[in-house]
There are 2 protein chains.
Amino acid sequence: MHISVYVMGLEHAILVSLAEKSASGYELTRRFGRSIGFFWEATHQQIYRTLARMTETGWVTYDVIEQPDRPDKKVYRISNGGQAELARWLAEPLERPADRDGLAVKIRGASLGDLPAVISEIERHRAMHAERLETYRTIEKRDFPDPAALSGRALHQYLVLRGGIRTEQGRLDWCDEALEALRADNSPDQADTNRRSE
Amino acid sequence: MHISVYVMGLEHAILVSLAEKSASGYELTRRFGRSIGFFWEATHQQIYRTLARMTETGWVTYDVIEQPDRPDKKVYRISNGGQAELARWLAEPLERPADRDGLAVKIRGASLGDLPAVISEIERHRAMHAERLETYRTIEKRDFPDPAALSGRALHQYLVLRGGIRTEQGRLDWCDEALEALRADNSPDQADTNRRSE
DNA sequence: CAGGACATGTAACAGGTTACATGATTAT
DNA sequence: ATAATCATGTAACCTGTTACATGTCCTG
């Protein structure tokens, strides 16, 4: 005997999104490419397949909307069953996600390959995090100029954005720490005369 | 026509580990349950299956070691091909891993369920991060008392640990920020006038 | 008329997860 | 005796990834 712990998947991210506003698969795909996608990524194939499964389960229903000028679309909305499932899942403890950090594996293995190549790779990651951080900062300034005044849904959105900002800033700082240490180690003290650049 | 980008997997984490020291599947499983497991988790089934595949590919070889007192074991070591593959992979850009943050989904959906339950969940996560952080800090003090003196492999290990510390501290701080804001919003100013929640 | 946005899918494959399975030795 | 550790696997399933596939309308 055994209690199967329900593993979070795309379903719940879709339920949250549909609870905020009904949408077609295509529209959901775009949401998962921007706002929601910043903390839960999914492709259109994944979304269509999952929507089909959720329709079977009864968590969502859809209406076919005929559009004279564009292709027909199925607009999905969350059902009562879906709302119940969402409430249930929100109250349930989340499993710890597996740690999988490819950059850490590379740094750990740096002495087994080409150290300058690993340094370049860290620089690349630093740039990606800086770019993403800037995106987040822009959204923060634009959409949440007065955080202290926020409440309810807007506050929740802001807090998620804050999580993204902290994550990106943290990774960026880590890259800087690693770069400084690895560069110093790569071209150690040539006495006082120097060139320890590269 | 199409260039298939090689996606990082467990193989490279195993190559790094075996390059440091040869090991049986069982020993690797234990490593992936502690040191390496802090940044790349894997179960024994995954490891055995992957070792079998890597043996076919020629990245590792093994010797059967007969032990009088214990079951026989296969001790795997990295081959020349494996070392070449590792060097190749280290120099190759890593794909950005998909963002998937279940806690963020919950916070984003907090207004659709039971807010106090979501707050409890954040408290749970805060505790998990605090515990993990303490583990890391202990290792840091025990194994790296003098970081400035590090170089080579020891430095790389230290930097990976620093990444873990930054990640856990960052998540912990985020939990604190979210808890403070959500608690204030959950039980708003009963002070002079009102409740402006919802 | 070509390319991009709109709109929805199928199929094959790779990888991770869970359950099941076996069997020895050592310590309590 | 019973559990823990040592040691290695198979099988089924689920999810994510990649490639392939189809068709409309609008804009330049």
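A, B, ... follow the sequence lines: proteins, then strands. Residue 1 opens every chain.
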Q: I would like to know whether B:Arg53 and B:Glu56 meet salt bridge (Lys or Arg N to Asp or Glu O under 4.0 Å); could you show each step before the answer?
A: CA-CA 5 Å; B:Arg53 201 196 312 141; B:Glu56 277 177 41; over 6 Å; no

Q: Work out which heavy atom in B:Ala19 is nearest to a heavy atom in A:Leu112; give both atom names and the distance.
A: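 Closest approach of B:Ala19 to A:Leu112: CB-CD1, 3.5 Å.
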
Q: Would you call the rings of A:Trp89 and A:His12 parallel, tilted or perpendicular if under 30° counts as parallel and over 60° as perpendicular?
A: parallel

Q: What is the separation between atom CD on A:Glu66 and atom C1' on C:dA7, rounded to the nearest whole Å?
A: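 So the two atoms are 14 Å apart, to the nearest Å.
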
Q: Taking side-chain hydrogen bond (donor to acceptor under 3.5 Å, both in side chains) as the test, write out the residues that go with A:Ser17, two or more places apart.
A: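 Listed in chain order: A:Arg31.
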
Q: Write down the protein N/O and nucleotide N/O pairs, taken from nucleotides 9-14 of chain D, whose separation is under 3.5 Å; answer none if there are no such pairs.
A:
residue: D:dG9; atom: OP1; partner: B:Lys74; partner atom: NZ; Å: 2.6
residue: D:dG9; atom: OP2; partner: B:Lys74; partner atom: NZ; Å: 3.3

Q: Quick one: list whatever passes salt bridge (charged side-chain N to carboxylate O under 4.0 Å, His left out) with B:Lys73, sequence neighbours left out.
A: B:Glu27

Q: For residues 24-35 of chain A, which residues have at least one heavy atom under 4.0 Å from DNA chain C?
A: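 Close to the strand are A:Ser24, A:Gly25, A:Tyr26, A:Arg30.
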
Q: On DNA chain D, does the nearest nucleotide to B:Asp72 precede the nearest nucleotide to A:Gln46 from the 5' side, or the other way round? Give the residue.
A: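 This one resolves to B:Asp72.
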
Q: Write down the distance between CD (A:Glu41) and C1' (D:dT15), rounded to a whole number of angstrom.
A: 15 Å

Q: Whole angstroms only, please: what is the NZ-C1' distance between A:Lys73 and D:dG23?
A: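 Nearest whole value for this atom pair: 17 Å.
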
Q: How long is the line joining CH2 of A:Trp40 and C1' of D:dT15, in whole Å?
A: 11 Å

Q: Write down the distance between CG (B:Asp63) and C1' (D:dT8), rounded to a whole number of angstrom.
A: 17 Å

Q: Taking atom types as modelled, find out whether A:Tyr136 and A:Arg132 have a side-chain donor-acceptor pair closer than 3.5 angstrom.
A: yes

Q: Quick one: do A:Arg183 and A:Glu123 satisfy salt bridge (Lys or Arg N to Asp or Glu O under 4.0 Å)? Show the steps, please.
A: CA-CA 11 Å; A:Arg183 284 182 188 134; A:Glu123 284 165 349; 2.6 Å; yes

Q: Both B:Arg100 and B:Val75 contact DNA chain D. Taking the nearest nucleotide for each, which residue is further toward the 5' end?
A: B:Val75

Q: Give the rounded distance in Å between these two atoms: CD1 of B:Ile65 and C1' of D:dT8.
A: 16 Å

Q: Using only atom types and a distance under 3.5 Å, with no angle test, would you say the side chain of B:Asp99 pairs donor to acceptor with the backbone of A:Glu41?
A: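 Side chain of B:Asp99 to backbone of A:Glu41: no pair is present.
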
Q: Send over the distance from B:Glu11 CD to C:dG15 P, rounded to a whole Å.
A: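 Distance check: B:Glu11 CD to C:dG15 P gives 6 Å.
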
Q: Five pairs at each end of the helix from C:dC1-D:dG28 to C:dT28-D:dA1: take the axis at both ends and give me the angle between them to 10°.
A: 20°

Q: Of all residues at least two apart in sequence or in a different chain, which pass the side-chain hydrogen bond (donor to acceptor under 3.5 Å, both in side chains) check with B:His44?
A: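 By the side-chain hydrogen bond (donor to acceptor under 3.5 Å, both in side chains) rule, B:His44 matches no residue at all.
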
